[in-house]
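By convention in this document, chain letters (A, B, ...) are assigned in the order of the sequence lines, proteins followed by strands, and residues within each chain are numbered from 1.
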Amino acid sequence: METLGYKYHDNYSVEVPKNLEHGGFSTNIAMVCSKLNKMKPLNLAKKIVAEMEKKRDYKSVSLAGAGFINFTLSNYVYHHMIPMIMFNDYGSSNYGKRRKVILEFVSANPTGPLNVVSARASAYGDSLYRIFKYVGYEPFREFYVNDAGNQVDILAESVELRYRELHGEIISEFPAEAYNGDYIKDIAAKLNSIEGSKLLHYSEKDRLDRMKDFALEEIHRMQVFSLEKFGVEFENWMSEKKLRQEGSIEEVLSWLSEANVTFEKDDAIWFESTKFGDEKDRVLMRADGTITYIVPDIAYHLTKYQRGFDIIIDVLGPDHHGYVPRLKAALEALKYDFHKLEVVFLQHINLFSNGELVKMSKRAGKIVTMNDLIDEVGKDATRYFFLDRRPNSHLNFDLALAKKASNENPVFYIQYAHARICSILKKAKKEKLALNNFDLKQLKRLDKVEEIRLIKKMLSFPEILNQITDKREPHRLATYTLELAGMFHKYYAAFTIINPRYKDLSRCRLFLISAIKNVLAISLDLMGISAPTSMKRKKK
RNA sequence: GUCCCCGUAGCUCAGUUGGAUAGAGCGUUUGACUCCGGAUCAAAAGGCCGUGCGUUCGAAUCGCGUCGGGGACACCA
């Protein structure tokens with residue numbers, strides 16, 4: 001536009017038509033800028049097309065419709081982008097403008113080991129974290145621990161029963177509300193090996209406190225262990241107990257009452273959340289003076305604001321969706337920008353065993369733990385299994401099937417592409433086809449449609465990453481990587497990479513597949529999956 | 001009763017800021033290196049995108065209804 005001396009503004013768009021086969025772009029620039037130059041769109045488009053045709057950057061330029069310009073770039077434009085794709089931080093950017101993002105996920109109750117649902121949340125949250133970080137956000141992973149309140153009291157009592165059992169007491173009836181998994185026995189036994197019968201002489205309160213603290217510590221350790229095995233870390237574990245000790249409860253209560261949104265009824269203190277669109281009002285403090293879970297939850301979310309996060313994302317199970325309105329109501333009442341809080345719901349996992357639905361129950365101790373899953377299916381396959389699905393898709397999960405299917409998990413297809421390239425590059429080294437001092441002009445030999453398509457696919461990578469952060473949908477990376485791996489496998493089968501008779505061509509192709517290897521490695525890393533340089537041959 | 005999610009190939013799932021012939025993996029059938037890794041590739045079969053109406057030049061994608069499946073509606077968290 002500038003060389004033609006026309007005025008223009010930036011609100012035109014360049015689009016890649018859905019029909020990728022013919023590759024190419026389409027732009028409405030002439031239509032957007034016609035008024036500015038007092039010309040008819042079609043006439044302006046003609047001038048632009050004429051100018052574009054003079055440049056060798058464009059392979060073909062054509063007019064369409066009322067002034068759309070379709071054009072295709074010359075191959076060499078693509079060729080010259082390959083070196084960029086080979087940078088080991090290819091795709092990273094400043095897209096996020098260093099905005100601070102807090103991702104809260106898993107946040108499982110500290111009353112038992114992590115289960116398959118936590119594995120899904122881990123795969124989702126951690127990959128999203130990695131991608132956020134890669135494109136220039138400042139993300140932060142947090143696990144909220146509900147280590148106070150009713151359920152941890154029950155936890156303590158459950159341990160107590162098992163402990164007393166160890167000392168000869170016969171527990172005729174194990175209460176239905178108690179936690180009944182084997183891990184409770186393990187915790188009791190471990191505590192017993194440290195303390196012996198000493199605790200029996202404590203006062204009940206002291207004994208239960210000791211049980212509680214010990215159990216919480218043990219379970220925390222179990223959870224950290226599983227997460228580490230899965231490659232997931234948290235920057236912070238936020239303790240509810242600590243929040244309570246710091247006086248946050250009293251603060252929240254007094255702020256809400258200052259905001260005139262609380263009232264008393266039946267000796268309890270209520271929050272008038274219906275004022276802010278909630279279905280009904282919520283109890284904050286019961287008649288006996290204890291607090292309901294909502295208060296520390298509000299306090300916790302306030303810290304997310306106070307800590308200066310620009311984007312606040314909660315990853316929750318679908319059973320919490322009714323909980324969001326009351327939380328947002330409280331934020332609104334306290335004059336916080338409740339729009340900043342986003343909630344992603346990960347849908348349930350229906351657990352099957354040999355085709356039959358299994359109900360999981362932590363209380364009854366009937367759960368498939370995250371540990372079992374990783375041990376039996378493997379970290380990489382498990383992560384991919386959960387990652388290639390949309391967050392709000394329901395999914396059926398059969399452990400027996402998952403084990404069997406782990407050999408058929410698409411993740412191996414991707415990893416194999418990576419390993420295969422590594423193997424080819426190794427062979428190239430033996431053939432003395434080194435890529436140092438490689439003359440970029442040689443790249444003109446990459447003139448096959450498949451080669452240009454591969455380059456285009458890799459050039460779309462940065463945009464895919466940006467979209468993932470916009471939509472909070474890391475599964476798109478799983479899909480993308482699978483497609484890229486597929487394109488490589490097909491290319492490999494159709495063309496010979498190393499051919500000693502055509503050394504220059506071989507070098508060009510090695511150059512290309514090195515770029516592919518790089519993108520695969522980056523993608524796998526962003527998904528928390530390893531990129532092996534070699535793989536064991538599968539038995540037929 | 002109110003609210004949330006889902007319904008796409010035999011199975012598991014992609015594809016939704018509306019665009020041309022709806023895709024992949026697994027499974028089924030048939031083929032492929034004396035040569036860079038056969039965990040690969042080529043090809044075939046398999047679809048009223050649950051269903052009806054609407055908006056639109058154009059709908060898997062948007063709206064309303066309907067059917068089917070899952071879930072939530074606590075002074076548990």
Can you tell me, in whole Å, how much space there is between the [atom1] of [N] and that of [M]?
{"N": "rG50(B)", "M": "rU12(B)", "atom1": "P", "answer": "15 Å"}
{"N": "rG46(B)", "M": "rC64(B)", "atom1": "P", "answer": "37 Å"}
{"N": "rU56(B)", "M": "rC67(B)", "atom1": "C1'", "answer": "26 Å"}
{"N": "rU16(B)", "M": "rC62(B)", "atom1": "P", "answer": "10 Å"}
{"N": "rC48(B)", "M": "rG10(B)", "atom1": "P", "answer": "7 Å"}
{"N": "rC26(B)", "M": "rA60(B)", "atom1": "P", "answer": "28 Å"}
{"N": "rG69(B)", "M": "rU8(B)", "atom1": "P", "answer": "14 Å"}
{"N": "rG19(B)", "M": "rG25(B)", "atom1": "P", "answer": "23 Å"}

Query raised in the report: Okay, side chain of S239(A), backbone of K241(A): is any donor-acceptor separation there less than 3.5 Å?
Result: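 Indeed, once roles are kept as given, a pair shorter than 3.5 Å links the two residues.
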**Report entry** Flag, side chain of E451(A) to backbone of K448(A), donor-acceptor distance under 3.5 Å
**Finding:**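 Side chain of E451(A) to backbone of K448(A): a pair is present.
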Report task. Mind checking salt bridge (charged side-chain N to carboxylate O under 4.0 Å, His left out) for D319(A) and listing every partner two or more places apart, or none if nothing turns up? Result -> none
[X] [atom1] - [N] [atom2] separation (whole Å):
{"X": "F495(A)", "N": "rA32(B)", "atom1": "CZ", "atom2": "P", "answer": "21 Å"}
{"X": "L346(A)", "N": "rA72(B)", "atom1": "CG", "atom2": "C1'", "answer": "16 Å"}
{"X": "D153(A)", "N": "rC75(B)", "atom1": "CG", "atom2": "C1'", "answer": "16 Å"}
{"X": "I497(A)", "N": "rG37(B)", "atom1": "CD1", "atom2": "P", "answer": "11 Å"}
{"X": "Y416(A)", "N": "rC36(B)", "atom1": "OH", "atom2": "P", "answer": "11 Å"}
{"X": "R120(A)", "N": "rG70(B)", "atom1": "CZ", "atom2": "P", "answer": "17 Å"}
{"X": "E473(A)", "N": "rU61(B)", "atom1": "CD", "atom2": "C1'", "answer": "14 Å"}
{"X": "N392(A)", "N": "rA14(B)", "atom1": "CG", "atom2": "P", "answer": "9 Å"}

Please determine, for the side chain of [X], which listed nucleotide ([options]) has the closest atom?
{"X": "H394(A)", "options": "rC36(B), rC75(B), rG69(B)", "value": "rG69(B)"}
{"X": "N109(A)", "options": "rU40(B), rC5(B), rA77(B)", "value": "rA77(B)"}
{"X": "E279(A)", "options": "rG15(B), rU2(B), rA77(B)", "value": "rU2(B)"}
{"X": "F412(A)", "options": "rA39(B), rU17(B), rA14(B)", "value": "rA39(B)"}
{"X": "A493(A)", "options": "rG37(B), rC41(B), rG7(B)", "value": "rC41(B)"}

**Report entry** Ranges pairing with ranges for RNA chain B, where each run has three or more Watson-Crick or G-U pairs under 3.5 Å
**Finding:** B:1-7 with B:67-73, B:10-13 with B:23-26, B:28-32 with B:40-44, B:50-54 with B:62-66
Pairing residues for [X] by the side-chain hydrogen bond (donor to acceptor under 3.5 Å, both in side chains) criterion, not counting sequence neighbours:
{"X": "Y502(A)", "result": "none"}
{"X": "E463(A)", "result": "none"}
{"X": "K457(A)", "result": "E483(A)"}
{"X": "R120(A)", "result": "S393(A)"}

Select base, sugar-phosphate, or nothing to describe what [X] touches, counting heavy atoms under 4.0 Å on all strands.
{"X": "Y492(A)", "value": "base"}
{"X": "K471(A)", "value": "sugar-phosphate"}
{"X": "T496(A)", "value": "base"}
{"X": "D288(A)", "value": "nothing"}

Query - Within residues 317-330 of chain A: residues closer than 4.0 Å to RNA chain B (heavy atoms) - result: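 Heavy-atom cutoff 4.0 Å gives D319(A), H320(A), H321(A), R326(A).
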Report task. Would you please name every residue forming a side-chain contact (heavy atoms from CB on, under 4.5 Å) with D388(A), sequence neighbours left out? Result -> Y384(A), A478(A)
Query raised in the report: Among all residues two or more places apart in sequence or in another chain, which pass the side-chain contact (heavy atoms from CB on, under 4.5 Å) test with D266(A)?
Result: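 In terms of side-chain contact (heavy atoms from CB on, under 4.5 Å), with neighbours along the sequence ignored, D266(A) is linked to no residue.
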**Report entry** Below 4.0 Å: OP1/OP2 of rG37(B) and any side-chain N or O of S423(A)
**Finding:** yes
Query raised in the report: So, is R389(A) close to the rU12(B) phosphate, meaning a side-chain N or O under 4.0 Å from OP1 or OP2?
Result: no
Enumerate all atom pairs, one protein N or O and one N or O from nucleotides 22-28 of chain B, separated by less than 3.5 Å.
none

Report task. Classify the angle between the aromatic ring planes of F143(A) and F234(A) as parallel (below 30°), tilted (30 to 60°) or perpendicular (above 60°). Result ->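 F143(A) and F234(A): perpendicular rings.
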Query raised in the report: In terms of ring plane angle, is the pair W237(A) and H220(A) parallel, tilted or perpendicular, where the classes change at 30° and 60°?
Result: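 It falls in the perpendicular class, over 60°.
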Side-chain atoms of residues 412-422 of chain A: list all donor-acceptor pairs with protein atoms under 3.5 Å, sequence neighbours left out, distances to 0.1 Å.
unit_1  : atom_1 : unit_2  : atom_2 : d
Q415(A) : NE2    : D380(A) : OD2    : 2.9
Q415(A) : NE2    : S530(A) : O      : 2.8
H418(A) : ND1    : P532(A) : O      : 2.9
R420(A) : NH1    : H489(A) : ND1    : 3.0

Requested in this report: State which residue, out of T469(A), N466(A), D470(A), fulfils the side-chain hydrogen bond (donor to acceptor under 3.5 Å, both in side chains) condition with Y95(A).
Outcome: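 Single pass found, and it is D470(A).
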Query raised in the report: Who passes ring pair (Phe, Tyr, Trp, His ring centres under 6.0 Å) against Y492(A), sequence neighbours left out?
Result: none
